[in-house]
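Just so you know, these numbers use all the heavy atoms, side chains as well, and skip hydrogens, waters and symmetry mates. One is the number of the first residue; the rest follow in order along the sequence. Bear in mind that the values here come from a model prediction, so they are computed numbers and not experimental data.
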Amino acid sequence: MEKIDNIDNLDRKILSIVMHNARIPSKDVAQECGVSRAAIHQRIQRMIDLGIITGSGYTVNPKKLGYSTCTYIGVNLERGALYSTVVPELEKIPEVVECHFTTGPYTMMVKLFVRDNEHLMDLLNRKIQMIPGVTGTETLISLDNSIYRTIPLRTE
């Protein structure tokens, strides 16, 4: 994906506001930016069309839904080219929330949430390790998430 250079300081200000609170009323954003509500709507729609804003929604706490363990799994494949066939198989596992094609000791890094160690072992043994092309996995359990934030905006 290419970098978009055609955003201005008003766009950056709007982004900095909505990145921290996607539910803020547009009238409040307009007031803080000193422009009309229509201008805010137009700017946000333009940034959606440009692919700068890619989604909206709520952040859900997995623990409140019974998923007490956040896990990262380093996955090794027979060949890196199998990535494009392994990803659709991982997408079938609802507990998988992220998948990255990586450099370093693993071909892929997968993030998932599980209820407990038994659930994790079941996903590893009966699903992830059974995907054709997967030659090995290494599991890292997150003990705590100390930092969770959005990417900073460049000021140019």
Side-chain angles (χ1 to χ4, degrees), residues 1-7 11-26 28-29 40-41 43-155:
M1 179 177 280
E2 62 198 53
K3 180 176 76 102
I4 305 291
D5 288 322
N6 52 347
I7 64 171
D11 292 328
R12 284 184 180 85
K13 187 169 187 175
I14 294 166
L15 280 173
S16 70
I17 295 167
V18 299
M19 282 171 49
H20 297 310
N21 180 3
R23 295 188 294 173
I24 188 170
S26 56
D28 294 349
V29 178
I40 297 300
H41 284 290
R43 293 287 186 126
I44 288 175
Q45 187 58 54
R46 185 175 140 275
M47 288 188 279
I48 290 170
D49 294 344
L50 289 171
I52 295 167
I53 297 174
T54 58
S56 63
Y58 299 102
T59 302
V60 176
N61 182 345
K63 289 182 181 184
K64 298 290 184 181
L65 298 176
Y67 294 93
S68 62
T69 305
C70 174
T71 306
Y72 295 87
I73 300 175
V75 178
N76 286 312
L77 304 179
E78 283 177 32
R79 298 181 319 278
L82 291 172
Y83 178 77
S84 61
T85 60
V86 171
V87 169
E89 296 303 311
L90 289 169
E91 285 178 327
K92 294 176 185 175
I93 303 170
E95 294 86 351
V96 171
V97 296
E98 289 183 27
C99 177
H100 301 267
F101 193 26
T102 61
T103 62
Y106 311 112
T107 312
M108 308 168 73
M109 185 63 74
V110 176
K111 178 180 178 182
L112 58 123
F113 287 94
V114 294
R115 293 183 303 275
D116 51 33
N117 287 349
E118 186 177 329
H119 185 201
L120 174 60
M121 191 169 70
D122 182 61
L123 288 177
L124 280 168
N125 293 337
R126 294 190 41 224
K127 294 192 177 179
I128 295 171
Q129 293 174 349
M130 299 314 254
I131 297 172
V134 172
T135 59
T137 61
E138 184 172 346
T139 304
L140 307 164
I141 294 177
S142 172
L143 300 175
D144 187 34
N145 180 358
S146 303
I147 299 172
Y148 182 83
R149 61 182 166 207
T150 58
I151 193 75
L153 294 175
R154 293 186 345 212
T155 55

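- Atom-to-atom distance recorded for I17:CD1 and R12:CZ is 14.0 Å, nearest 0.5 angstrom.
- Contact of the Y72 side chain with the K111 side chain is registered, since non-hydrogen atoms from C-beta on lie closer than 4.5 Å.
- Nearest heavy atoms, R115 versus S68: O-OG, 2.6 Å.
- For T54 (side chain) and G51 (main-chain N/O), no donor-acceptor pair under 3.5 Å exists by modelled atom type.
- Once rounded to the nearest 0.5 Å, the distance linking CD1 of I52 with CZ of R46 reads 6.5 Å.
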Candidate pair L15 and I53, rule side chain to side chain contact (heavy atoms under 4.5 Å, CB included), full reasoning: CA-CA 8 Å; L15 280 173; I53 297 174; 3.7 Å; yes

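- To the nearest 0.5 Å, the span separating CD1 on I73 from CG on L124 amounts to 4.5 Å.
- Within 6.0 Å of the CE atom in M121, the count of heavy atoms belonging to other residues, nucleotides or ligands does not exceed 12.
- Residues V110 and C99 come closest through the heavy atom pair CG2-SG, 4.2 Å.
- Counting heavy atoms from C-beta outward, L112 and L123 have side chains that approach closer than 4.5 Å.
- Under a 3.5 Å cut-off, the side chain of T137 and the backbone N or O of G74 do not form any donor-acceptor pair.
- Every side-chain hydrogen bond (donor to acceptor under 3.5 Å, both in side chains) that R126 has, sequence neighbours left out, goes to D122.
- Ring geometry for Y83 against F101 counts as parallel: the plane angle stays under 30°, on a 0 to 90° scale with 60° as the upper cut.
- Annotation: side chain of T69 is not in contact with side chain of H119 (no heavy-atom distance under 4.5 Å).
- For residues 96-110, the set of pairs meeting the side-chain hydrogen bond (donor to acceptor under 3.5 Å, both in side chains) definition, not counting sequence neighbours, comprises E98-H100, Y106-E138.
- The closest side-chain heavy-atom distance from V134 to L77 is below 4.5 Å.
- Put simply, the side chain of M47 reaches to within 4.5 Å of the side chain of I14, judged on heavy atoms.
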CA sep, side-chain torsions, deciding dist, call: I141, N117, side chain to side chain contact (heavy atoms under 4.5 Å, CB included): CA-CA 10 Å; I141 294 177; N117 287 349; 4.1 Å; yes

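- Note: K127 NZ to K92 NZ = 11.0 Å, rounded to the nearest 0.5 Å.
- Two residues are said to be in side-chain contact when any heavy atoms from C-beta on lie closer than 4.5 Å; V87 and M108 meet this criterion.
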Verdict with supporting geometry, K63 and F113, side chain to side chain contact (heavy atoms under 4.5 Å, CB included): CA-CA 9 Å; K63 289 182 181 184; F113 287 94; over 6 Å; no

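- With values rounded to the nearest 0.5 angstrom, I40 atom CD1 is found 9.5 Å from I24 atom CD1.
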